Amino acid sequence: MPNAMTIDTEQLFANLTQPQREAVSHVDGPLLVLAGPGSGKTTVVTRRIANLIANGAAPWEILALTFTNKAAGEMRDRVVKALGGYVDYRNTPTVATFHSFCARQLRRYADAAGLAENYSIYDSADQRDAIKLSLKKADLDSKNWTPGSVAAAISNAKNQLMDAATYSASATDFYTRSISKIYTHYQKILKDNDALDFDDLLMKMANLLRDSEDVREQFQNRFQYLLIDEYQDTNHAQFVIAYALAGGHQNICVVGDPDQSIYGWRGADITNILEFEEHFPNAKIVALGQNFRSTGHIVDAAAGLIENNSRRKHKRLHTELGEGEKPTVSVCLDEHHEARLVTDFFSRLHEEDDLPWKEMAVLYRVNSLSRVLEEAFRKAKIPYVIARGTAFYDRKEIKDALSYLRLVVNPNDEVALRRIINTPTRGIGKTTLSKIELAGVLKQLRLFDSLKEAAMVEGLTTRAVNSIKKFVAMIENWQRAALADASDSLIATNPLAGFVEQVIRESGLEAQYKNSKNNEEDQERLENLSELISASAQFVPEPVFSEGENEEDNEDLTLVRLLAAFLESVALVSDADAIDPESGTVTLMTLHAAKGMEYEAVAIVGLEENLLPHMRAIGNEMEMEEERRLCFVGITRAKRRLQMSRAAVRTHRGMRERTMESRFLSELPSGSIICCDQSFDEDIDDTEAYSPRSDRRLSTSVSSGEFPIGCVVRHAKFGLGTVQAITPRAIGASVSVSFSTVGTKTLILEYAKLERVG
DNA sequence: CTGGTCATTTTTTTT
DNA sequence: AAATGACCAG
């Protein structure tokens, strides 16, 4: 047990500004910390937690909620460090993401919440499948109702804590009434399958806290101090949860920045932070406006941009780190040229300034932009990683393996069952399945139960019945095996990996890829499957509660429970979780995933109308402001060097299109940026032959010596030719070549792929 | 029932 | 460009 005497409180207040000190020293009552980018938010939060403990709070009385697992992990580490070893891993504050906290507690209080303890969590793909099924059941044409738009509508409703019945009551027009119909069917499917989607995790938790006074009081007593990070991104459901948890003691500290609110599309309600004082009267408010991260011109550029927004709360940012270098804004020929510009920018910093790769990041609005960048990084031999934590779990073979595992935990999970019943193919096809289904519906059986009675269904071939029997026996066998005790898995090696391996083998997934001759791709799939086994081997379950009360919940750990916890952790990974600051590589990620990160050098690409700001935001002032905040988040990730760029021409869905400059570029204060046009005004045709307009920003570093005037070269399309002239430049060096076939052409050196032959 | 080809559609961000 | 869905031959 830590005690107040052993924490060095002097250390906790060392090197803090006055507002930071105020935030750290605040103990009881509501506190709002408005933390601009780079304002030392993490330091303040961790030291404040340490200070609470120094003031007599027990670690397990503190609950901190974040948005990503990575943020939670980092906060936990830093708190432990700030406490100088006076807490161990079983006696730390509870630090979790909103979703994982809710998921865990809903298992614990499954009865009170009206749920099955072994419920499945549906990710967006599962949700999509379930919505398609509901569309069929609601007799609506899936042509007019795309799963995506329906999912968004249902998600919005749930974030507002409207269940299907409430939604239906307020549905008046054709559109909302149709959505209401689908919502009702969708929710019935989830209920029948014992499944929750992401939004349900929050909604069910909010409802549980609302409906059960007993449970609510347990939580309020248990967690005396509540902390919420990135408060500007909370939605209504999350607000209700926070409000309930803080009920009574009112010890709630929220940290956030309205200028970094970028999840409006996910239901985040910026008024939560703007109206905090109204929700929690007598709240103390601390504004951290000094930026300790970025140099002057970068801060000025960001501040100038964000001033174009109207819904704001705080004042201008300032820094004391000096002016630094001005950010550059470049116009490139196309996306390949732009990618080259990025790799050149980073290579120079790496070579000339000894900047390590891990101190650099490329940010973009949409994931599809990563492709071209990836290519350029490979070509330039710069080590990079793309932050896509979810990508691994989106792979077909992984989803299949996970579906088998989900079925072991929850045989009612029909989405999982449908996914794998014929994967690998075992002769249970569409026709067989629909016959089974029909028979099952008549008897009101769930799908897995109808499979058990396949022998009684008319019109099935013996072969089909045998396949089904084998399949059911296989699943039931695993279910029995999963009842084994696993309570020593915290100390000894956990039995999970062995089980996962068994399922992958016995299901035939392994054999499917092993036996195929499609070696290249299937080899990779096999490797992914073994990676899944390793992931399960390394899995350590979070205790339901750490030390203190309710420890008995941590006993009785069976293999199924361990498996359920593993599947839960897998369902709730985010892209940002994959960012490893020690990886020694450049990180490529979306602007959204970049929130909370910082790098010495940052490149933001695609500053074009319809991209940043995104198409969907154009014509909508609220969304436009969110896009601007997104751009603001991007700029403020940079400590010392920032390069922004756009391509004059970009290939979009297979079409080469001219782009328009992003309005945000013209909003940047001209005194704090440098613009350099690397493109050329004249027409660009698809032979990749560009004509230079003028010779700006020449550089002698280009290896133009490769192609001296007069040498003979070969071009893939035009054949042999003689070099007439060469214009060296840092980017887009051009070369005039006289071809016998098409006459003289001016080509861009790096695209023409010329081969010297004489 | 399976596995192929052909046509159509897609428009963002993510727990 | 890529992914999904419909359709059809074996």
Side-chain angles (χ1 to χ4, degrees), chain A residues 65-72 96-103 121-125 127-129 132 142-143 146-149 151-152 155 158-159 196-203 205 230 233-235 237-238 261-268 335 363-372 387-391 393-394 396 422-434 461 463-464 467 518 568-578 589-595 606 610-618 623 626-627 629-631 633-634 650-657:
Chain A
L65 296 175
T66 65
F67 276 80
T68 63
N69 297 299
K70 187 176 142 287
T97 68
F98 257 104
H99 286 86
S100 64
F101 177 74
C102 294
I121 297 175
Y122 278 5
D123 68 13
S124 334
Q127 191 183 23
R128 219 186 145 81
D129 290 348
K132 278 189 207 156
S142 61
K143 287 260 170 353
T146 64
S149 65
S155 175
K158 288 183 176 179
N159 289 156
L196 299 184
D197 64 20
F198 291 138
D199 302 311
D200 280 335
L201 294 173
L202 303 176
M203 183 165 79
M205 185 70 182
E230 307 283 10
D233 289 328
T234 50
N235 60 32
Q238 287 161 326
S261 165
I262 54 175
Y263 285 99
W265 51 275
R266 214 170 74 189
E335 65 271 34
L363 312 181
Y364 37 81
R365 177 67 230 273
V366 297
N367 276 305
S368 59
L369 296 193
S370 68
R371 262 181 165 281
V372 188
R388 289 224 76 187
T390 53
Y393 295 104
D394 282 343
K396 183 190 178 307
N422 204 25
T423 308
T425 50
R426 48 171 71 86
I428 312 177
K430 254 196 222 142
T431 4
T432 307
L433 198 59
S434 48
T461 61
R463 233 179 83 189
S467 301
N518 186 1
E568 180 179 300
S569 76
V570 158
L572 299 175
V573 293
S574 71
D575 285 351
D577 295 335
M589 67 190 135
T590 63
L591 287 158
H592 285 88
K595 196 178 58 165
N610 297 324
L611 205 48
L612 179 62
H614 192 267
M615 278 173 96
R616 293 278 306 252
I618 285 166
E623 289 184 38
E626 182 153 313
E627 295 291 311
R629 291 193 291 267
L630 203 46
C631 189
V633 166
R650 186 178 293 280
T651 309
H652 179 58
R653 283 226 296 271
M655 302 268 280
R656 262 171 97 75
E657 288 166 345

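Below, chain A is the first sequence line, B the second, and so on; all start at residue 1. Everything quoted here is computed from the prediction, not taken from an experiment.
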Taking N or O atoms only and anything under 3.5 Å, show me the protein contacts with nucleotides 8-10 of chain C, one pair per line.
none

Q: Tell me, please, which residues at least two apart from A:R266 pass side-chain contact (heavy atoms from CB on, under 4.5 Å).
A: A:F67, A:Y263

Q: Under 4.0 Å between any heavy atoms, over every strand shown, what does A:T432 touch: base, sugar-phosphate, or nothing? Just pick one.
A: sugar-phosphate

Q. According to a strict under-4.0 Å criterion, is A:K132 in side-chain N/O contact with OP1 or OP2 of C:dT4?
A. no

Q) Can A:W265 be said to stack with the base of B:dT13, given centres closer than 5.5 angstrom and planes under 30 degrees apart? A) yes

Q: List in chain and number order the residues that pass side-chain contact (heavy atoms from CB on, under 4.5 Å) with A:D123, two or more places apart in sequence or in another chain; answer none if no residue qualifies.
A: A:A125, A:D126, A:F198, A:K399

Q.
At 4.0 Å (heavy atoms only), tell me whether A:D123 reaches a base, stays on the sugar-phosphate, or touches nothing.
A. nothing

Q: Tell me which nucleotide among B:dT14, B:dT10, B:dT12 gets nearest to the side chain of A:T146.
A: B:dT10

Q | Whole angstrom value for the distance that separates P of C:dT4 from CG of A:D129 | A | 11 Å

Q: With rounding to the nearest 0.5 Å, note down the distance linking CD in A:E626 to CD in A:E623.
A: 7.5 Å

**Q.** Given B:dT14, B:dT11, B:dT2, the nucleotide with the shortest approach to the side chain of A:R653
**A.** B:dT11

Q: Can you sort out the partners of A:N69 under side chain to side chain donor-acceptor pair (under 3.5 Å), two or more places apart, ordered by chain and number?
A: A:D577

Q. Rounding to a whole Å, what distance do you find between A:H652:NE2 and B:dT9:P?
A. 16 Å

Q. Looking across every strand, which nucleic acid part, if any, lies under 4.0 Å from A:N610 by heavy atom: base, sugar-phosphate, or nothing?
A. nothing

Q | Side-chain N or O of A:R266 closer than 4.0 Å to phosphate OP1/OP2 of B:dT12 | A | no

Q. Distance between the C1' atoms of C:dT4 and B:dT13, in whole angstroms?
A. 22 Å

Q. Separation of A:Q127 atom CD from B:dT14 atom P, in whole Å?
A. 15 Å

Q: Measure the distance from CG on A:L612 to P on B:dT11 and round it to the nearest whole Å.
A: 19 Å

(Q) Rounded to whole Å, how long is the line connecting atom CE of A:M589 with atom P of B:dT13? (A) 15 Å

Q: Could you check how far CD1 of A:I618 sits from P of B:dT12, rounded to whole Å?
A: 14 Å

**Q.** Results of side-chain contact (heavy atoms from CB on, under 4.5 Å) for A:R128 - residues two or more places apart only
**A.** A:K132, A:P147

Q.
Just the rounded figure in Å: distance from C1' of B:dT14 to CG of A:L202.
A. 13 Å

Q. Between A:R128 (CZ) and C:dG5 (C1'), how many Å, whole number?
A. 12 Å

(Q) From C-beta outward on A:A593, which listed nucleotide comes closest to its side chain: B:dT14, B:dT12, B:dT2? (A) B:dT14

**Q.** Those residues that, when tested against A:T651, pass side-chain contact (heavy atoms from CB on, under 4.5 Å) (two or more places apart)
**A.** A:E335, A:R656

